[in-house]
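Structure record follows, encoded as structure tokens.
Here is how names work: the chains are called A, B, and so on, in the same order as the sequence lines, proteins then strands, and each is numbered from 1. Just so it is clear, the values below take in all heavy atoms, side chains as well, and ignore hydrogens, waters and symmetry mates.
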Amino acid sequence: MGVAHDTMLYSYLLEPLAGSHALEDVVLRRLGRKLPSALGEAAERTRELSALLAPEIAREDLQRLYEEIELPLAAVLAEVEAVGVRLDPQILARMSAEFDKELAALTGEIYDLAGGPFDLDSPKQLGEILFEKLKLPGGRRLKKSGQYSTEASVLESLAERHELPRKIIEYRTRAKLKSTYIDALPRYIHPATGRLHTSFNQTVARTGRLSSSNPNLQNIPIGDEFGLRIRSAVVAEKGWLLVSADYSQIELRVLAHMSGDALLIEAFTRNEDIHSRTAQEIFGVPAGLQTHEHRRMAKAINYGVIYGLSSFGLAGRTGTSKTEAQEYIDAYFARYGKVKEFLGGLVEEARRNGRVRTLFGRLRPIPEINSKDVAARNRAEREAMNTPLQGTAADLLKLAMVKVQARLHREEMHTRMILTVHDELVFEAPKDELARAREIVRAEMEGVYPMKVPLRVDIGVGSNWKEAK
DNA sequence: CGATGGTGCGCC
DNA sequence: AAAGGGCGCACCATCG
Ligand SMILES: Nc1ccn([C@H]2C[C@H](O)[C@@H](COP(=O)(O)OP(=O)(O)OP(=O)(O)O)O2)c(=O)n1
Ligand SMILES: [Mg+2]
Ligand SMILES: [Mg+2]
């Protein structure tokens, strides 16, 4: 027997902002009573709940999203979680010892520079040392706690006045990698399978994205050499290979489709790389000479500008003046005229309906859109601009997951899906199935849903995740 | 002692 | 952080 009504998915689709969609909470919220502990009565309440929610799903036009995407996806996710990923604990064990030494040395240097020991993991203590004891300039106060801000960008701005801030940044970066990944991940290896089994949460993100927890495998480092080493610890079984398939410039392509902007559509029809072009424009580096870091920063700028980055924010990130930043933003939207119109239309839609939808009809309420609090309202406008694009990209990947998995099953392949990261799927394939697996993945992902622009997927293969990307 | 809030930061 | 969006986790500080 299959599943007919999934109240958790119903609830999430109807109220994506709700904090919980656990049966107990949904019964309380929607039926106004406590879920009985007696199983027979609990079953009655559950049936009553599904009878309430199913027609609402239909009224809100969420039926196809539920039947064709979310419900079949739940089964796919269960499989992906059960398969798990292999981790090479030796790579991380070596790094742990290495980081121990490095962190100890950094700690000593920092105490010397600070004129005494303190808790390096305490931003509160660090702030007092920097701005009171050492009397460094600035000292912006945080809103909620009144503490001094000690985040990396603040420390960076202090770096020319004192050696300490750089050391702190170095310490923080190393400590973060060690505590969150190097030491934490091996503890999650399941004794029975010898693999890592994350949870992919289907009812958490307000835009329709999936999230991953315990452990989170959607934020495995990639940034610098150490990050790459950590990523290389996610490995394929002997005789198998990892295949990574990541949509190229996905939300930009979604934007091109939804806005209908001719120039953006033409760019993708010509197979151009907008991130790389932005890198060239901002840093003056031609495509051939760009590092991953260049493209990554350019990507952040592209999405930042689209989703409401201010001239202040852009100037802070690029080091240019606020005036120049504003000129860049203006030029950006002047170039893509219909993009500006389209984003404005989303804000209008939110004002009118109190909510926005993705291409597939997924809903997100924007409750603060008419707020009198300027900050809250501005934030709501940015949410209204972001959600249809981020959410449509999520819908596309979810649909692709369902299709790819169906195809792998239908063709009785041994290739298995092991990870999903927003616009990327990772598979583990037996070496002799590799070519076929690649074909299937590319075909199903690129053909998932025909759009005004082609969808492109970058596919890589390797014995570990770093190599495959 | 555990829960909660805040800060900071890893990724997309 | 006043002003890209979306997450989860580690750690400190504080509260009850
Ligand atoms: N700083 C960032 C990075 C990513 N994203 C969103 C938009 C991207 O489309 C999506 C997927 O992230 P990718 O890193 O895969 O970015 P792209 O798909 O745009 O580029 P690429 O061609 O490198 O895959 O996540 C974002 O909003 N802000
Ligand atoms: Mg991508
Ligand atoms: Mg990606």
Contact under 4.0 Å: A:Asn214 side-chain N or O vs C:dC9 OP1/OP2 = yes
inquiry  = Looking at C:dA2, I'd like to know if its phosphate oxygens (OP1 or OP2) sit under 4.0 Å from a side-chain N or O belonging to A:Arg140.
reply    = no
ask   = When all nucleic acid strands are considered with a 4.0 Å heavy-atom cut-off, which category describes A:Arg317: base, sugar-phosphate, or nothing?
value = base
message = Does this structure show an ion pair linking A:Asp119 with A:Lys124, if we count only N-O contacts that are shorter than 4.0 Å?
response = no
task = For the side chain of A:Lys469, starting at C-beta, report the closest nucleotide among C:dC9, B:dC12, B:dG10.
result = B:dC12
request  = For A:Glu446 and A:Val457, indicate whether the former's side chain and the latter's backbone hold a donor-acceptor pair under 3.5 Å.
outcome  = yes
key: Earlier contact from the 5' end, DNA chain C, for A:Arg141 and A:Gln390   = A:Arg141
request  = Determine the contact category for A:Asp121: base if any of its heavy atoms lies under 4.0 Å from a base atom, sugar-phosphate if only primed atoms, P, OP1 or OP2 are that close, otherwise nothing.
outcome  = sugar-phosphate
ask   = How would you label the contact of A:Ser153 with the nucleic acid (heavy atoms, under 4.0 Å): base, sugar-phosphate, or nothing?
value = nothing
request  = Check for a donor-acceptor pair, side chain of A:Asp458 on one end and backbone N or O of A:Ala245 on the other, with a separation under 3.5 Å.
outcome  = no
query = Which nucleotide in the set C:dG5, B:dT7, B:dC12 lies at the smallest distance from any side-chain heavy atom of A:Val421?
reply = B:dC12
ask   = Is the charged tip of A:Arg141 near the ring of A:Tyr148: under 6.0 Å from the six-membered ring centre and within 45° of its axis?
value = yes
ask   = Counting distance only, does the side-chain N/O of A:Thr320 pair as donor-acceptor with the main-chain N or O of A:Ala315 below 3.5 Å?
value = no
task = Measure from the side chain of A:Arg172, starting at C-beta and using heavy atoms only, and say which of B:dG6, B:dC9, C:dC9 lies closest.
result = B:dC9
ask   = Between atom CD in A:Glu151 and atom P in B:dG10, what is the gap in whole Å?
value = 12 Å
ask   = Nearest to the side chain of A:Ala300, which nucleotide is it out of C:dG6, B:dC11, C:dG4?
value = C:dG4
inquiry  = Under 3.5 Å, is there any donor-acceptor pair linking the side chain of A:Arg209 to the base of B:dC12?
reply    = yes
request  = Look at all strands and tell whether A:Ala152 reaches a base, only sugar-phosphate, or nothing, counting heavy atoms closer than 4.0 Å.
outcome  = sugar-phosphate
ask   = Taking the six-membered ring for Trp, are A:His275 and A:Tyr303 ring centroids under 6.0 Å apart?
value = yes
inquiry  = Using only atom types and a distance under 3.5 Å, with no angle test, would you say the side chain of A:Lys340 pairs donor to acceptor with the backbone of A:Ala334?
reply    = no
message = Based on the rotation axes of five pairs at each end, what angle does the helix from B:dC1-C:dG16 to B:dC12-C:dG5 bend through, to 10°?
response = 0°
message = Using a heavy-atom cut-off of 4.0 Å across all strands, would you classify A:Ile301 as base, sugar-phosphate, or nothing?
response = nothing
ask   = Is A:Lys178 close enough and on-axis enough to A:Phe99, meaning under 6.0 Å and within 45°, for cation-pi?
value = no
query = Where the side chain of A:Ser149 is concerned, which of B:dG8, C:dG4, C:dC7 is the nearest nucleotide?
reply = B:dG8
key: A:Asn201 side-chain N/O to C:dG8 phosphate OP1/OP2 under 4.0 Å   = yes
Short heteroatom pairs, N/O only, protein and nucleotides 13-16 of chain C, under 3.5 Å:
from: C:dA13; atom 1: OP1; to: A:Ser122; atom 2: OG; distance (Å): 2.9
from: C:dA13; atom 1: OP1; to: A:Gln125; atom 2: NE2; distance (Å): 3.1

note = Side-chain atoms of A:Ser211 come closest, of C:dC7, B:dG8, C:dA3, to C:dC7
request  = Would you indicate what A:Leu210 reaches in the nucleic acid, counting non-hydrogen atoms under 4.0 angstrom: base, sugar-phosphate, or nothing?
outcome  = nothing
request  = Would you mind reading off the distance between A:Leu17 atom CG and C:dC7 atom C1', rounded to a whole angstrom?
outcome  = 15 Å
task = With the side chain of A:Arg382 defined as its heavy atoms from C-beta on, choose the nearest nucleotide among C:dG4, B:dG10, C:dC7.
result = C:dG4
query = Taking atom types as modelled and ignoring hydrogens, do the side chains of A:Ser199 and A:Glu81 form a donor-acceptor contact shorter than 3.5 angstrom?
reply = no
note = Winner on side-chain proximity to A:Thr180, out of C:dG5, B:dC9, C:dA10, is C:dA10
request  = Verify, without hydrogens or angle tests, whether A:Ser211 (side chain) and A:Val204 (backbone) share a donor-acceptor contact under 3.5 angstrom.
outcome  = no
ask   = Are the charged groups of A:Arg29 and A:Glu15 less than 4.0 angstrom apart, N to O?
value = yes
message = Does A:Thr387 reach a base, just sugar-phosphate, or nothing at all? Heavy atoms under 4.0 Å.
response = nothing
Sugar-phosphate, base or nothing in reach of A:Lys176, heavy atoms under 4.0 Å = base
remark   = Between A:Pro215 and A:Lys143, whichever has its closest DNA chain C nucleotide further toward 5' is A:Lys143
Nucleotide of C:dG5, C:dA10, C:dA3 approaching A:Ser310 most closely (side-chain heavy atoms) = C:dA3
key: For atom OH of A:Tyr188 and atom P of C:dC9, their distance in whole Å   = 6 Å
task = Using a 4.0 Å heavy-atom cut-off across all strands, classify A:Gly223 as base, sugar-phosphate, or nothing.
result = sugar-phosphate
request  = Pick base, sugar-phosphate or nothing for A:Val204, based on heavy-atom distances below 4.0 Å to the nucleic acid.
outcome  = sugar-phosphate
key: Side chain A:Asn219 and base B:dG10 donor-acceptor under 3.5 Å   = yes
inquiry  = Please give the distance between the C1' atoms of B:dG5 and C:dA3 as a whole number of Å.
reply    = 23 Å
ask   = At what distance, to the nearest 0.5 angstrom, does CG of A:Leu62 lie from CZ of A:Phe360?
value = 13.5 Å
request  = Calculate the interatomic distance between A:Leu177 atom CG and C:dA10 atom P; express it in whole Å.
outcome  = 13 Å
key: Candidate nucleotides B:dC9, C:dG4, C:dC12, ranked by approach to the side chain of A:Leu309 - the nearest   = C:dG4
